[in-house]
Undergrad: 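To start, I am sharing the structure in question, which I have written as structure tokens.
Position 1 is the first residue of the sequence, and the numbers go up from there.
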Amino acid sequence: LLLYCGPYDIRDVDLNSKYSTFLKAVLWSYSGGKDFMTNQEFATLSVVDYVDADFPPAFISAGNGDPLEVHSHSLARMLSRVGVKVDTLFFPPEYEPAQPHEYQFNLDSNEGRLAPAVHVAEIRDAVIGEQAGDRHGDQQHIERGMRQLGELGRQAIRDRRRCALRPAQKQTDDDQGENGDAGPEM
């Protein structure tokens with residue numbers, strides 16, 4: 001399952017942020033009314049409340065300049081806690097230029113090209129397994145893109161290699177990273 005920059009937990013909406021106009025417009029359009037924060041039926045939108053071990057494996061990404069990024073981190077944590085395989089591509093808060101909402105559609109940028117390279121490799125692994133197809137070629141393509149991103153890319157390559165060598169483990173509150181994320185940036 002590929003998940004990019006969605007509103008996965010209504011409780012994470014900050015209507016006082018610099019993105020408040022955007023968030024109000026999006027949530028009003030999703031809910032059909034201006035009372036979306038108090039509407040009990042609309043509260044069922046919070047996917048994180050319905051995650052269990054039967055949720056499909058997921059690839060989650062959001063830009064560090066996306067007002068919905070916090071939702072992606074929340075969902076990744078919840079999936080990890082219940083033992084669902086989840087791979088992520090997040091940019092550190094200080095990453096420049098900040099990656100906006102739907103950054104992955106900007107295929108003129110290295111970051112925009114990196115996201116589909118990673119999720120195509122993930123899909124290939126999930127659908128046909130690592131023994132079929134050119135897994136080595138996918139990994140080379142991903143690593144080339146990360147190198148173009150500089151030191152942060154090199155760190156992501158190290159994290160990705162380390163994570164690829166072990167199965168996903170259940171995440172607990174005590175396992176959260178310094179920023180409350182579900183582990184390595186990718």
Undergrad: Side chain of S46, backbone of V48: donor and acceptor closer than 3.5 Å?
TA: no

Undergrad: Starting from the C-alpha separation in whole Å, work towards a yes-or-no answer on side chain to side chain contact (heavy atoms under 4.5 Å, CB included) for L75 and V86.
TA: CA-CA 10 Å; L75 183 58; V86 59; over 6 Å; no

Undergrad: My understanding is that only one of V13, T21, D14 makes a side chain to side chain contact (heavy atoms under 4.5 Å, CB included) with S17; could you say which?
TA: D14

Undergrad: CG of L107 to CG of L114: how many Å apart, nearest 0.5 Å?
TA: 11.5 Å

Undergrad: Can you check side chain to side chain contact (heavy atoms under 4.5 Å, CB included) on F55 and L1, steps first, answer last?
TA: CA-CA 9 Å; F55 201 90; L1 184 62; 3.6 Å; yes

Undergrad: When rounded to the nearest 0.5 angstrom, what is the spacing between NZ in K34 and CG in L27?
TA: 14.0 Å

Undergrad: Is a side-chain donor or acceptor of N64 paired with a backbone partner of Y95 at a separation under 3.5 angstrom?
TA: yes

Undergrad: What's the verdict on side chain to side chain contact (heavy atoms under 4.5 Å, CB included) for Q99 and D66, showing C-alpha distance, side-chain angles and the deciding distance?
TA: CA-CA 7 Å; Q99 297 304 298; D66 185 341; over 6 Å; no

Undergrad: Would a hydrophobic clustering, with Ile, Leu, Val, Met, Phe, Trp and Tyr connected at side-chain separations under 4.5 Å, put F42 with L23?
TA: yes

Undergrad: For D9, check side-chain hydrogen bond (donor to acceptor under 3.5 Å, both in side chains) against everything at least two apart and list the hits.
TA: R11

Undergrad: How far apart are the closest heavy atoms of D12 and S74, and which atoms are they?
TA: OD2-OG, 2.6 Å

Undergrad: Looking at every non-hydrogen atom in both residues, tell me the closest pair between F90 and S72 and how far apart they are.
TA: CE2-CB, 3.6 Å

Undergrad: Report yes or no: do V47 and I10 belong to one cluster of Ile/Leu/Val/Met/Phe/Trp/Tyr joined by side chain heavy-atom distances under 4.5 Å?
TA: no

Undergrad: Looking at T44 and E41, would you say the former's side chain and the latter's main chain have a donor-acceptor pair under 3.5 Å?
TA: yes

Undergrad: What pairs of residues pass the ring pair (Phe, Tyr, Trp, His ring centres under 6.0 Å) test when at least one of them lies in residues 1-30, not counting sequence neighbours?
TA: Y4-F59, Y4-H119, F22-H101

Undergrad: Please report the shortest heavy-atom distance between A115 and L89, naming the atom on each side.
TA: CA-CD2, 3.8 Å

Undergrad: Taking all non-hydrogen atoms of both residues, which atom of K24 and which atom of L15 are closest, and how far apart?
TA: CG-CD2, 3.7 Å

Undergrad: Looking at every heavy atom in both G33 and S31, which two are closest together, and how far apart are they?
TA: O-OG, 2.8 Å

Undergrad: For residues V82 and I60: do they belong to one hydrophobic cluster (side chain heavy atoms under 4.5 Å, members Ile, Leu, Val, Met, Phe, Trp, Tyr)?
TA: yes

Undergrad: To the nearest 0.5 Å, what is the distance between CG on N106 and CZ on R113?
TA: 8.5 Å

Undergrad: Where do V84 and P57 come nearest, in terms of heavy atoms and distance?
TA: CG1-CA, 4.0 Å

Undergrad: Can you get from V70 to L68 by hopping between Ile, Leu, Val, Met, Phe, Trp and Tyr side chains that sit under 4.5 Å apart?
TA: no

Undergrad: Do V26 and M37 land in one hydrophobic cluster if side-chain heavy atoms of ILVMFWY residues count as linked below 4.5 Å?
TA: yes

Undergrad: Apply side chain to side chain contact (heavy atoms under 4.5 Å, CB included) to residues C5 and Y103 and explain how you reach the verdict.
TA: CA-CA 9 Å; C5 55; Y103 78 92; over 6 Å; no

Undergrad: I need the T88 OG1 to L3 CG distance, nearest 0.5 Å.
TA: 12.0 Å

